[in-house]
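Structure first, then comments.
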Amino acid sequence: MGEISAALSNVLNNENGHVVGGPRKSCWYEEEIDNDLRWCFALNSILHTGATQYQDIQLLDTKPFGKALVIDGKLQSAEIDEFIYHECLVHPPLLYHSNPRSIFIMGGGEGSTARELLRHKTVDKVVMCDIDEEVVEFCKSYLEVNKEAFSDPRLDLIINDARAELERREEHYDIIVGDLADPIEGGPCYQLYTKSFYEFIVKPRLNQGGIFVTQAGPAGIFSHTEVFSCIFNTLKQVFKYVVPYSAHIPSYADTWGWVMASDTPFVVSVDELDQRIKQRINGENRYLDGKTFTSASTLSKAVRNSLNNETHVYSEGNARFIYGHGRHNQAMT
């Protein structure tokens with residue numbers, strides 16, 4: 001996605017300043033995806049706008065997608081379709097693990113990742129580590145759907161840098177989840193997508209048979225080369241088995257990607273995945289089942305070829321970013 005640019009707009013002008021298509025009386029959200037590409041939709045209202053020590057934050061009430069959380073000008077999640085992102089991030093690694101009990105979330109401040117993790121009956125403990133306390137408190141106050149997760153006694157909420165927290169802890173985890181902000185220039189998280197971080201911080205904190213999963217940015221036919229392909233290739237340098245997968249998320253206006261990695265092979269069948277869903281997960285998934293994951297992990301020919309030919313390894317000195325800049329938001333009227 002890109003930076004937030006417009007929130008209040010009454011008319012759309014052409015190059016000569018003339019009104020195109022008549023007046024727009026709605027309030028509109030506009031996000032710049034690229035230099036010559038923008039994504040916009042109508043708003044009912046702007047519920048909150050502000051800045052924390054680390055990030056700019058907005059909560060919007062949108063007409064097509066319900067409440068939407070925007071951080072550093074990027075739409076993070078929307079009420080109507082966030083279940084797609086969070087089910088895809090959480091359930092594949094837990095279902096492929098034989099008995100996931102202990103989980104560490106890097107990021108995840110809005111609480112939706114914790115919510116999905118805590119639906120698993122095998123889970124005893126979830127550590128959620130987010131650097132931005134103001135964002136966490138904001139989401140606890142405004143996002144009703146996650147109130148139960150935040151009050152679950154199995155959740156241990158830590159306010160700290162994820163790297164520092166993993167370094168200082170002696171515990172090991174069955175699953176480590178990267179629910180971090182996208183790697184954008186000037187943002188707080190891009191160092192947590194590097195080979196050195198995966199190799200020396202993440203992997204040593206996994207139990208035997210442990211699985212790491214991360215959100216990996218846009219994964220569309222054109223957008224996947226921004227960061228998805230190099231995150232995949234970077235994890236291939238650290239883990240023996242790496243599975244990229246993707247799904248379309250309407251509010252993102254693109255296909256989104258995740259990458260799952262382990263030193264233990266992923267060998268669970270479609271039928272076994274469905275059986276584990278029934279046995280292990282409280283409630284009904286809205287999006288993910290065995291066949292859906294098979295489809296999600298079957299990438300198009302073009303994307304497969306691109307990932308197979310990717311040579312870039314993510315490092316702090318040789319980072320790739322998706323379009324946009326941390327803390328570089330502006331409003332237009």
| field | Leu288 and Phe293, any side-chain heavy atoms less than 4.5 Å apart | value | yes
So Phe212 and Phe239, would you call those rings parallel, tilted or perpendicular, with 30° and 60° as cut-offs? parallel
Margin query: Treating Trp39 as the side-chain partner and Ser251 as the backbone partner, does any N or O pair qualify as donor plus acceptor under 3.5 Å?
Written below: yes
For the side chain of Asp174 and the backbone of Arg101, is there at least one donor-acceptor N/O pair under 3.5 Å apart? yes
side-chain contact (heavy atoms from CB on, under 4.5 Å), that's the test. Do Ile71 and Val135 meet it? Break it down for me. CA-CA 9 Å; Ile71 293 179; Val135 167; 4.1 Å; yes
Exercise. List the steps and the verdict of side-chain contact (heavy atoms from CB on, under 4.5 Å) for Phe104 and Ile175.
Key: CA-CA 6 Å; Phe104 188 97; Ile175 309 287; over 6 Å; no
Here the gap from Gln275 atom CD to Leu273 atom CG, rounded to the nearest 0.5 Å, amounts to 11.0 Å
Please determine whether a side-chain nitrogen of the Lys or Arg among Asp156 and Arg169 lies less than 4.0 Å from a carboxylate oxygen of the Asp or Glu. yes
For this session: Kindly say whether Ile57 contributes a backbone atom to a donor-acceptor pair with the side chain of Gln55 at under 3.5 angstrom?
Result: no
- Do Val127 and Ile105 have side-chain heavy atoms sitting under 4.5 Å apart? no
| request: May I ask you to say whether Lys203 pairs ionically with Glu199, meaning some side-chain N is under 4.0 Å from a carboxylate O? | output: no
Test item: Val303 and Ser300 side chains (from C-beta on) under 4.5 Å apart, heavy atoms:
yes
Closest heavy-atom pair, Val242 versus Phe232, reported as atoms and distance to 0.1 Å, is CG1-CD1, 3.6 Å
Salt bridge (Lys or Arg N to Asp or Glu O under 4.0 Å) pairs touching residues 287-296, sequence neighbours excluded, are none
In this structure, CZ of Arg38 is separated from CD1 of Ile33 (nearest 0.5 Å) by 10.5 Å
Is it the case that more than 12 heavy atoms not belonging to Lys121 sit under 6.0 Å from its NZ atom?
yes
CG (Leu60) and OG (Ser45) are apart, to the nearest 0.5 Å, by 8.5 Å
| Going by heavy atoms in the side chains, are Thr264 and Tyr241 under 4.5 Å from each other? | no
Would a single hydrophobic cluster contain both Val270 and Ile281, if residues Ile, Leu, Val, Met, Phe, Trp and Tyr are joined by side-chain heavy-atom contacts under 4.5 Å? no
**Message:** Keeping Thr194 on the side-chain end and Tyr314 on the backbone end, is there a donor-acceptor pair under 3.5 Å?
**Reply:** no
May I ask you to test the Ser229-His312 pair for a side-chain heavy-atom distance under 4.5 Å?
-> no
dist Asn285:CG -> Ile84:CD1 (nearest 0.5 Å) comes out at 12.5 Å
message: Does Cys139 form a side-chain contact (heavy atoms from CB on, under 4.5 Å) with Asn146? I'd like the steps, not just the answer.
response: CA-CA 8 Å; Cys139 293; Asn146 296 331; over 6 Å; no
Query raised in the report: Should the pair Lys67-Asp61 be classified as a salt bridge under the 4.0 Å nitrogen-to-oxygen rule?
Result: no
One should read off an interatomic distance between Tyr193 OH and Glu316 CD, to the nearest 0.5 angstrom, of 14.0 Å
State whether Glu272 and Lys278 are salt-bridged, where the test is any N-O pair (Lys NZ or Arg NE/NH1/NH2 against Asp/Glu carboxylate O) under 4.0 Å. no
Flag side-chain contact, heavy atom, 4.5 Å: Tyr245 against Thr298: no
Residues 144-155 vs salt bridge (Lys or Arg N to Asp or Glu O under 4.0 Å), sequence neighbours excluded, gives Asp152-Arg154
Mark yes or no: Arg286 above the aromatic ring of Phe83, with NZ or CZ under 6.0 Å from the six-membered ring centre and no more than 45 degrees from the axis. yes
Are any non-hydrogen side-chain atoms of Cys129 and Glu165 less than 4.5 angstrom apart? yes
So Cys88 and His86, do their side chains get closer than 4.5 Å, heavy atoms only? no
Taken in chain and number order and not counting sequence neighbours, the residues that satisfy side chain to side chain donor-acceptor pair (under 3.5 Å) with Lys236 are none
**Asked** Within the distance-only criterion (no hydrogens, no angle test), does the side chain of His172 pair as donor or acceptor with the backbone N or O of Pro204 below 3.5 angstrom?
**Response** yes
Residue set satisfying side chain to side chain donor-acceptor pair (under 3.5 Å) with Arg304, at least two apart, ordered chain then number -> none
Output for pair (Ser297 OG, Leu299 CG), nearest 0.5 Å, gives 7.5 Å
Tell me if the centroids of the rings in Tyr142 and Phe138 come within less than 6.0 Å of each other. yes
Residues 75-96 vs salt bridge (Lys or Arg N to Asp or Glu O under 4.0 Å), sequence neighbours excluded, gives Glu82-Arg115
request  = Could you walk me through whether Ser102 and Glu171 pass the side chain to side chain donor-acceptor pair (under 3.5 Å) test, one step at a time?
outcome  = CA-CA 9 Å; Ser102 58; Glu171 299 98 323; over 6 Å; no
Table please: side-chain donor-acceptor pairs of residues 89-98 below 3.5 Å, with sequence neighbours left out.
| from | atom 1 | to | atom 2 | distance (Å) |
| --- | --- | --- | --- | --- |
| His91 | ND1 | His120 | NE2 | 2.8 |
| His91 | NE2 | Glu116 | OE1 | 2.7 |
| His91 | NE2 | Arg119 | NH1 | 3.4 |
| His97 | ND1 | Asn99 | N | 2.9 |

